[in-house]
Amino acid sequence: MVNSLRLDKTISNATDLSRTEVKRLIKAGQVSVDDQIASNSAQKITAEQMVAIDGSPIKRASKRYFMMNKPAGVVSASKDRHNPTALELIYEHRSEQLQIAGRLDIDTTGLLLITNDGQWNHRITSPKTNCKKRYLVELQDPVGADYQKRLEAGIALEGEKRRCLPATMEIIDDHHIYLSISEGKYHQVKRMMTTLGNEVVNLHRLQIGEIQLDPQLEPGDYRPLSDAEVASI
């Protein structure tokens with residue numbers, strides 16, 4: 001299936017024009033697709049078609065991919081009335097078009113992936129793709145001897161109809177573990193540990209799929225992903 005996008009959205013994404021302004025240009029006959037004057041702002045076009053305004057081709061908006069070391073106290077959202085957001089820390093053109101692939105709780109730190117590629121985002125967040133997320137977990141009480149077996153069997157969370165998918169655990173010391181999961185249920189790691197009779201003190205995401213948090217990124221910093229990192233998802 002060929003991917004397509006509305007004409008007005010394509011132009012708006014690639015320029016600083018609002019959708020309303022784009023529609024006015026189309027109505028005035030100033031927009032063409034493959035050298036044919038366009039009359040319908042909802043017309044679907046593909047990436048191969050040439051779109052021009054007054055005869056000048058537009059440069060299509062490219063797909064963008066970033067990793068951030070999310071600090072505590074920042075919410076994984078584009079807007080929030082009470083707290084700073086991760087997307088407010090992104091200083092890029094048209095940053096409002098970016099979306100977060102796999103959110104983190106406000107007090108959880110670490111790897112956050114940000115993109116404007118919806119399909120790539122879906123591959124990260126869908127449980128069907130089995131995209132592993134690896135965390136460093138600090139626990140209030142010592143690690144229980146039965147944790148590994150229960151995690152591998154799938155934890156049954158309160159209020160959830162289905163058990164969590166199997167998780168894996170690596171013990172660092174009595175109060176610290178590495179935990180890998182392939183889902184993103186609401187407060188999942190914290191709820192899993194509560195079900196096991198423990199509480200999470202600190203939670204830090206280290207890895208998503210094959211993409212590892214860059215150790216050179218300070219909390220709040222971000223960088224573009226490499227082509228290899230993007231292709232690994």
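Any value given below was found using the heavy atoms of this structure, including those in side chains, with hydrogens, waters and symmetry copies removed.
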Are any of the side-chain heavy atoms of [X] and [Y] separated by less than 4.5 Å?
X	Y	value
Arg6	Arg19	yes
Met193	Glu199	no
Lys70	Arg205	no
Lys190	Asp105	yes
Lys133	Gln207	no
Tyr147	Leu139	yes
Met68	Ile100	no
Arg24	Thr20	yes

**Message:** So, using side-chain contact (heavy atoms from CB on, under 4.5 Å) as the criterion, who are the partners of Leu206 when residues are at least two apart?
**Reply:**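 Leu206 satisfies side-chain contact (heavy atoms from CB on, under 4.5 Å) with Arg134, Leu136, Tyr178, His204 once adjacent residues are dropped.
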**Request:** Begin with the C-alpha distance, continue with both residues' side-chain angles, and end with the deciding distance and a verdict on side chain to side chain contact (heavy atoms under 4.5 Å, CB included) for Thr115 and Ile124.
**Result:** CA-CA 11 Å; Thr115 184; Ile124 291 171; over 6 Å; no
**Prompt:** Does any pair with a residue in residues 212-233 pass ring-ring contact (aromatic ring centres under 6.0 Å, His included), and if so which ones, sequence neighbours excluded?
**Reply:**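 Output for this query lists Phe66-Tyr222.
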**Asked** What distance separates Ser56 OG from Ile58 CD1, expressed to the nearest 0.5 Å?
**Response** 11.0 Å
**Message:** So, taking the atom named CD in Gln97 and the one named OG in Ser78, what distance separates them when rounded to the nearest 0.5 Å?
**Reply:**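 With rounding to 0.5 Å, CD (Gln97) is 12.5 Å from OG (Ser78).
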**Item:** salt bridge (Lys or Arg N to Asp or Glu O under 4.0 Å) contacts touching residues 136-151 (sequence neighbours left out)
**Value:**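 Every pair satisfying salt bridge (Lys or Arg N to Asp or Glu O under 4.0 Å) with a residue in residues 136-151: Asp146-Arg150.
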With a sphere of 6.0 Å drawn around [atom1] of [X], does it hold more than 12 non-hydrogen atoms of other residues, nucleotides or ligands?
X	atom1	answer
Glu21	CD	yes
Asp173	CG	yes
His187	NE2	yes
Lys9	NZ	no

Single-linkage hydrophobic cluster, 4.5 Å side-chain cutoff, [X] and [Y] together:
X	Y	answer
Ile155	Leu179	yes
Leu104	Val200	yes
Leu87	Tyr65	no
Ile181	Ile171	yes
Leu217	Leu89	no

**Message:** Determine whether a donor-acceptor pair (N or O, by modelled atom type, separation under 3.5 Å) exists between the side chain of Thr125 and the backbone of Asn121.
**Reply:**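 Between the backbone of Asn121 and the side chain of Thr125 there is a qualifying donor-acceptor contact (under 3.5 Å).
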Which atom pair, heavy atoms only, marks the closest approach of [X] to [Y]?
X	Y	value
Val74	Ala86	CG1-N, 3.3 Å
Lys44	Gln49	O-OE1, 4.2 Å
Arg64	Asn116	N-OD1, 2.6 Å
Leu7	Ala38	CD2-CB, 3.6 Å
Arg163	Ala153	CD-O, 4.4 Å

**Item:** Partner of Ser41 by side-chain contact (heavy atoms from CB on, under 4.5 Å), out of Val22, Ile26, Leu25, Val31
**Value:** Ile26
**Request:** Could you walk me through whether Gln216 and Arg223 pass side chain to side chain contact (heavy atoms under 4.5 Å, CB included), step by step?
**Result:** CA-CA 10 Å; Gln216 297 184 6; Arg223 69 160 173 82; over 6 Å; no
**Asked** Would Glu183 and Arg162 pass as an ion pair if we require N to O under 4.0 Å?
**Response** no
**Request:** Let me see the working for Met67 and Leu111 under side chain to side chain contact (heavy atoms under 4.5 Å, CB included), right down to the final yes or no.
**Result:** CA-CA 7 Å; Met67 74 160 61; Leu111 178 59; 3.8 Å; yes
**Prompt:** Could you walk me through whether Leu157 and Met192 pass the side chain to side chain contact (heavy atoms under 4.5 Å, CB included) check?
**Reply:** CA-CA 7 Å; Leu157 299 179; Met192 290 169 73; 4.0 Å; yes
